[in-house]
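Some notes on the structure that comes next.
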Amino acid sequence: MIAPVPVPPEEPVERARRLAVELLEPHAAAADDPARGVRRDHIRALAEAGLLSVRIPEDEGGLGARAVADVEVTEVLAGACAATWFVVNQHRTPQMLARGGVAGLDPAHFTPGEAGPEHRAALSTAHEQAGLAIAHLRRPGPPAVRAEPDGAGWRLQGRADWCTGWGLIDHVMIAATVPGDRYLFTLLPARESPGLEAGESLPLAVMGGTRTVALEIDGLAVGPDAVLGLADGPAYRELDAARTANPTAATTGLLRRVLARSPRSTGPGRRSSRRRSPTGPRNCAPRPSPSSSRYRCGNGSRNGWPCAASWAR
């Protein structure tokens with residue numbers, strides 16, 4: 001029998017492993033500490049290595065790698081320093097919208113805005129960093145942030161409870177609910193301005209050094225040149241619910257890191273003395289039906305929802 005030829009890791013993964021050892025792992029404890037936190041030069045190093053543009057085509061300044069490489073890079077970065085990974089991961093969604101759409105969302109449900117073409121190059125290469133203030137879209141009840149038409153632009157009002165990386169990012173993508181059950185996605189300078197005020201860093205139990213703040217929005221004027229796009233609410237919510245039901249590459253990376261450092265992990269040639277139940281772990285919640293499209297990988301689901309390999313987040 002001829003032994004299979006080993007397939008060498010893809011270059012982006014090797015870059016991620018090198019920077020994980022050289023930069024992220026030694027600083028991981030400090031990055032989680034609110035008094036020190038995630039370092040801007042570490043974010044810059046990841047961007048310059050192309051690790052925030054793994055799947056962006058090479059002719060646009062990215063690495064042009066496959067989805068599996070993007071997943072592995074995410075695993076490596078999250079396992080090395082979860083706080084730094086969490087900050088840079090915010091960049092993915094503005095980067096995606098600036099490129100003209102939402103992965104997995106029918107283009108008929110998304111109207112691109114003027115900000116996309118203007119910021120596409122800088123966000124694609126990650127020469128400029130962007131963060132998010134969109135988690136409030138998942139909150140039940142009345143919209144946390146609303147936008148009303150104001151001439152050719154919009155006027156925003158409300159509170160965005162979560163914005164990560166404040167002080168580390170160049171732009172912030174703020175989402176608001178607009179009349180007609182649609183979502184407006186804006187891209188604005190990540191600094192205080194008339195109508196936009198950032199609070200103090202939130203006292204988080206973990207990832208305290210990610211500079212996560214709440215944003216108070218009071219009559220914030222947004223011109224048409226700051227609009228990344230408009231998405232239909234029902235279609236976006238259905239997609240988002242399915243996407244968040246999938247496991248993430250970051251979770252896998254953290255679990256691998258924990259197992260690698262666990263004194264109970266079994267090394268080569270060792271066999272665990274614990275017996276596995278033939279029916280799986282006890283007291284587990286029942287698994288979803290295999291026919292449920294909400295819980296199936298997007299690579300094979302009937303509805304085509306993106307899985308962890310396509311979103312890598």
Check this for me, if you would: do [X] and [Y] make a salt bridge, where the nitrogen-to-carboxylate-oxygen distance has to be below 4.0 angstrom?
X: R17; Y: E75; result: no
X: R92; Y: D70; result: yes
X: R18; Y: E14; result: no
X: R44; Y: D41; result: no
X: R36; Y: D33; result: yes

Closest heavy-atom contact between [X] and [Y]?
X: V206; Y: D32; result: C-OD1, 3.9 Å
X: W154; Y: L230; result: CZ2-CD1, 4.3 Å
X: A83; Y: A31; result: CB-O, 3.7 Å
X: L239; Y: A103; result: CD2-O, 3.6 Å
X: A147; Y: L184; result: CB-CD2, 3.8 Å

Answer with yes or no whether the hydrophobic clustering places [X] together with [Y]; edges join I, L, V, M, F, W, Y residues whose side-chain heavy atoms lie under 4.5 Å apart.
X: L132; Y: V102; answer: yes
X: V38; Y: L23; answer: yes
X: L24; Y: V13; answer: yes
X: W166; Y: L156; answer: yes

Taking the side chain as everything from C-beta on, heavy atoms only, tell me whether [X] gets closer than 4.5 Å to [Y].
X: Y236; Y: L137; value: yes
X: Y183; Y: V178; value: no
X: R146; Y: P142; value: yes
X: L97; Y: L123; value: no
X: T244; Y: R138; value: yes
X: E72; Y: P12; value: no
X: Q90; Y: T164; value: yes
X: V222; Y: R155; value: no

Please report the interatomic distance OG1(T212) to CE(M207), rounded to the nearest 0.5 Å. 9.0 Å
From M96 CE over to L105 CG, what is the distance, rounded to the nearest 0.5 angstrom?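 Reported value, rounded in 0.5 Å steps: 9.0 Å.
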Kindly indicate, with the supporting measurements, whether the criterion salt bridge (Lys or Arg N to Asp or Glu O under 4.0 Å) is fulfilled by R159 and D218. CA-CA 8 Å; R159 174 186 168 94; D218 185 12; over 6 Å; no
Passing option when R120 is tested against E60, E114, E128 for salt bridge (Lys or Arg N to Asp or Glu O under 4.0 Å):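 Testing R120 for a salt bridge (Lys or Arg N to Asp or Glu O under 4.0 Å) against E60, E114, E128 leaves exactly one candidate, E60.
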Hey, could you give me each pair passing salt bridge (Lys or Arg N to Asp or Glu O under 4.0 Å) that has a residue in residues 224-236? Not counting sequence neighbours. R182-D232
Anything under 30° is parallel, anything over 60° is perpendicular, the rest tilted; go ahead and classify F110 against F185. tilted
